2 protein chains.
Amino acid sequence: MPVKSKDSRPGGRSARVRAAVHRATVDLVQEVGSEKVTIPAVARRAGVNPSSVYRRWGTTSALLADVAAQRQDEGTPELLGDLRKDLERAALWTLTDLSRPGGVAFFRAEVAPDVDERRAGLRECLERVSARFHAALDAAARRGEGAPPLERVLDHVVAPLYFRVVFSIPETNEDYARGLVAELCDSGHVAPSSPDPDPDPDPDPGTNAGQPTHA
Amino acid sequence: MPVKSKDSRPGGRSARVRAAVHRATVDLVQEVGSEKVTIPAVARRAGVNPSSVYRRWGTTSALLADVAAQRQDEGTPELLGDLRKDLERAALWTLTDLSRPGGVAFFRAEVAPDVDERRAGLRECLERVSARFHAALDAAARRGEGAPPLERVLDHVVAPLYFRVVFSIPETNEDYARGLVAELCDSGHVAPSSPDPDPDPDPDPGTNAGQPTHA
DNA sequence: CACTTAAAGCGGTGATCTCTGCTTTAAGAA
DNA sequence: TTCTTAAAGCAGAGATCACCGCTTTAAGTG
């Protein structure tokens, strides 16, 4: 009578099916849009039986939420210790996450599920996004630096990014994201303890952050 | 052979059916969400034959777009001649439009159609929204006043409103909308009637409309 | 009023989706 | 390796959807 973990059979075929379904979901979302993703279609493309998907995920909403959640947890940047740089990193990460294939579609997918689940999905999505910025702000506060409230960051950095990506407004690229952060930091609401602007020329190309070409 | 208008039979039963379908669409969108709205369902609730809806609108996307467009054209405010007041009006109108039952759902509906139509729908939605603000800015420019570029208004007023309504962030009310406009106008990028571009007004940006301490 | 005809209603067809018993495969433990 | 059983595959029922000829109604016109 093995009791082991909650996922009593996490490897082998199960894992293979899970991966195939995830990949197929991402592909389909960016091809036809998250609204038109159906379980039979995902199963077909994944080379998997539809009933397996139904048994595992139940609904397309749950499937999309699962994929989106795992997706958002990839490549999270770590803190550097400089508020402005940390905010920039978080902003660039947000932009990258939104801009990659299916990014907006997944955002919309999380917005889309059933009326009951909608609140929960949105809340989780918001939590996930603001967590990155909150970490940067919290670290700054812990260092004794002045930092804008999270709300201001959401309003003046995250919101414009979402808005512009959703509406495919041109020039929504990394420079633009950096500009939003700069504007926020220079708006007189932050007391910069170290007002040295850009002492080093980009020491971190880091996560390539890729091409912000609106998808 | 009567040629008259493009809508060769706009009144009577046709108008009745149109109205019933529109009402049913709005109801269903706010009840089950725009993704789950189907033509048979709308027809059932409207007491109308499904084929009539199929023939008139063709797809649910087209139907939703039609309803959303007509919806957005209701109750448009006129200009007062004062930039700040006009921007406030536009912001409040935007907030009201988004907040009423099904508001966000319709926004998403316009975002949602087929990959091909998506661009067009989004573009139209954006045009419609920014037109209100553009009118206010244009009038101000015509009066010789300094006015922020439309882009700034979209980023710092419209985007936060959309973001907060979509994510159901509390305290997103009229005071908050007014605060966004105030912050924009007082941020030193607008030259008020009295040309005093003091970069550091330090008036304790009192109009901090809502300061909801994060949700 | 009578007449024309746009538009709604009716019925049916094929396709797709959701979901469920039952069988088969293979992951994990002894 | 063998054994147990979680999970995948299979096949099919029931429901719904998108769509299309054909008939019927009534709006607009003279």
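Note that this is a predicted model, so its numbers are computed, not measured. Within every chain, numbering begins at 1; the chains are lettered A, B, ... in the order of the sequence lines, protein sequences first and strands thereafter. Just the heavy atoms: all of them, side chains too, but no hydrogens, waters or symmetry mates, feed the values below.
- OP1 and OP2 of D/dA7 both lie 4.0 Å or more from every side-chain N or O belonging to A/S14.
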Evaluate the criterion side chain to side chain donor-acceptor pair (under 3.5 Å) for residue pair B/D66 and B/H22; output intermediate values, then yes/no. CA-CA 9 Å; B/D66 184 34; B/H22 272 229; 3.2 Å; yes
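- In summary, A/E171 and A/R164 do not engage in a salt bridge, as defined by a charged side-chain N under 4.0 Å from a carboxylate O.
- Under a 4.0 Å N-O distance rule, the pair B/R23/B/D27 does not qualify as a salt bridge.
- Checking the phosphate oxygens (OP1, OP2) of C/dA27, a side-chain nitrogen or oxygen of A/R16 falls inside 4.0 Å.
- Note: CZ (A/R13) to P (C/dA27) measures 7 Å, nearest angstrom.
- Heavy atoms only, all atoms of each residue included: A/P148 and A/L184 are closest at CG-CD2, 4.0 Å.
- Atom CH2 of B/W57 is separated from atom C1' of C/dA7 by 11 Å (rounded to the nearest Å).
- B/C185 approaches B/L87 most closely through the heavy-atom pair SG-CD1, 4.2 Å.
- A/D155 has no carboxylate O lying under 4.0 Å from a charged side-chain N of A/R152, or vice versa, which leaves the two without a salt bridge.
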Identify the pairs formed between an N or O of the protein and an N or O of nucleotides 16-20 of chain D at a distance under 3.5 Å, and give each distance.
unit_1 : atom_1 : unit_2 : atom_2 : d
D/dC17 : OP1    : B/T38  : OG1    : 2.9
D/dA18 : OP2    : B/Y54  : OH     : 2.4
D/dA18 : O5'    : B/Y54  : OH     : 3.1

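- What separates CG of A/L63 from P of C/dT18 is a distance of 11 Å, to the nearest Å.
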